[in-house]
Amino acid sequence: TLAGGCYDSMFEGCTSLTTAPALPATTLANYCYYEMFYGCTSLTKAPELQATELAEMCYFSMFWDCESLTTAPTKLPATTLAPSCYSFMFYGCTLLTTAPELKAEILANDCYSCMFKGCTSLTTAPELKADTLAENCYLSMFENCTKLESVTILATDGFDKSDCLCKWLKDAGTGATSRTLKVASQNAYDAIVNTTYHDYVSNSDISVLPDNWKIGATNTTVKDKNGTTLTSSSTAPKR
């Protein structure tokens, strides 16, 4: 049974730690694992995480800058998320090649923001199963995942939620030889393409879908959830 902040920063900066303890709790508390292994640069394998009841910021930055981490938990089984629960969880894990399966279909604000940002060895994104998006839910989720080859997003609604897809694929897949984007439908693809965020450097509104992930980009394939290849997009109003 956990309590708020109970393991907060417990092993932060333990640069020689190679093995993590088992974490069998299934019901979490606010901030319980916050930055628990932050900067454990020798840790190679994450423990399995069995929790099905999450709490605010429970896994926030848990493995931030664990630059030797190659093995993530097999899955994150919770189906309903909490605010910022997985934010920055694997940020900067540059050797991580495989992400855990994400079971959630009901999102919360900031739930996955920056979760895999800077994971420069990640090749396949976990399937994003949720139908409706939440504020900042996928903000910078795969930013700078330069080897990313495959992304599946099944959302059909909520694209107008504040910054839900802002920079989610910024500089992602730039080093991959090919890319495959799977979306729920043609309408969902059009909604994503026509969703924008404001870039203050250029002082312009930019599509949340980078050019290298769009229909017609070199070595990029866009499909719907049934596997049908999409070949064009509409000019729906920007969101």
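Numbers here are sequence positions counted from 1. Keep in mind that what you see is a predicted model, and the values were worked out from it rather than measured.
In this structure Asp171 satisfies the side-chain contact (heavy atoms from CB on, under 4.5 Å) test together with Asn144, sequence neighbours excluded. With sequence neighbours excluded, the residues that form a side-chain contact (heavy atoms from CB on, under 4.5 Å) with Asp199 are Tyr197, Val201, Ser202, Ile206. Partners of Thr120 under the side-chain hydrogen bond (donor to acceptor under 3.5 Å, both in side chains) rule, at least two apart in sequence or in another chain, do not exist in this structure. The side-chain contact (heavy atoms from CB on, under 4.5 Å) check on Thr27 picks up Glu53, with sequence neighbours excluded. For Thr156, the side-chain hydrogen bond (donor to acceptor under 3.5 Å, both in side chains) partners are Asp131, not counting sequence neighbours.
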Using distance only, find each side-chain donor-acceptor pair of residues 95-106 under 3.5 Å and give its atom names and separation, not counting sequence neighbours.
unit_1 : atom_1 : unit_2 : atom_2 : d
Glu101 : OE2    : Lys103 : NZ     : 3.1

Distance-only donor-acceptor pairs under 3.5 Å for side chains of residues 2-21, two or more places apart:
unit_1 : atom_1 : unit_2 : atom_2 : d
Ser9   : OG     : Glu12  : OE1    : 3.3

Show which side-chain atoms of residues 68-87 pair as donor or acceptor with protein atoms under 3.5 Å away, not counting sequence neighbours.
unit_1 : atom_1 : unit_2 : atom_2 : d
Ser68  : OG     : Thr41  : O      : 2.6
Thr70  : OG1    : Thr44  : O      : 3.3
Thr74  : OG1    : Glu48  : OE2    : 3.0
Ser87  : OG     : Asp110 : O      : 2.6
Ser87  : OG     : Ser113 : OG     : 2.8

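Residue pairs satisfying the salt bridge (charged side-chain N to carboxylate O under 4.0 Å, His left out) criterion with at least one member in residues 112-126, sequence neighbours excluded, are listed as follows: Lys117-Glu143. The list of salt bridge (charged side-chain N to carboxylate O under 4.0 Å, His left out) pairs with a residue in residues 212-225, not counting sequence neighbours, reads Asp211-Lys214. Pairs of residues two or more places apart, or lying in two chains, never qualify as ring-ring contact (aromatic ring centres under 6.0 Å, His included) while including a residue from residues 203-232.
Taking Ile, Leu, Val, Met, Phe, Trp and Tyr as hydrophobic and joining them when side-chain heavy atoms fall under 4.5 Å apart, one finds Phe60 in a cluster with Tyr31, Tyr34, Tyr38, Met57, Trp64, Phe88, Tyr91.
Under the ring pair (Phe, Tyr, Trp, His ring centres under 6.0 Å) rule, Phe90 has a single partner from Tyr112, Phe116, Tyr59, which is Phe116.
Under the 4.5 Å side-chain criterion, counting only non-hydrogen atoms from C-beta, Leu165 is in contact with Ile192.
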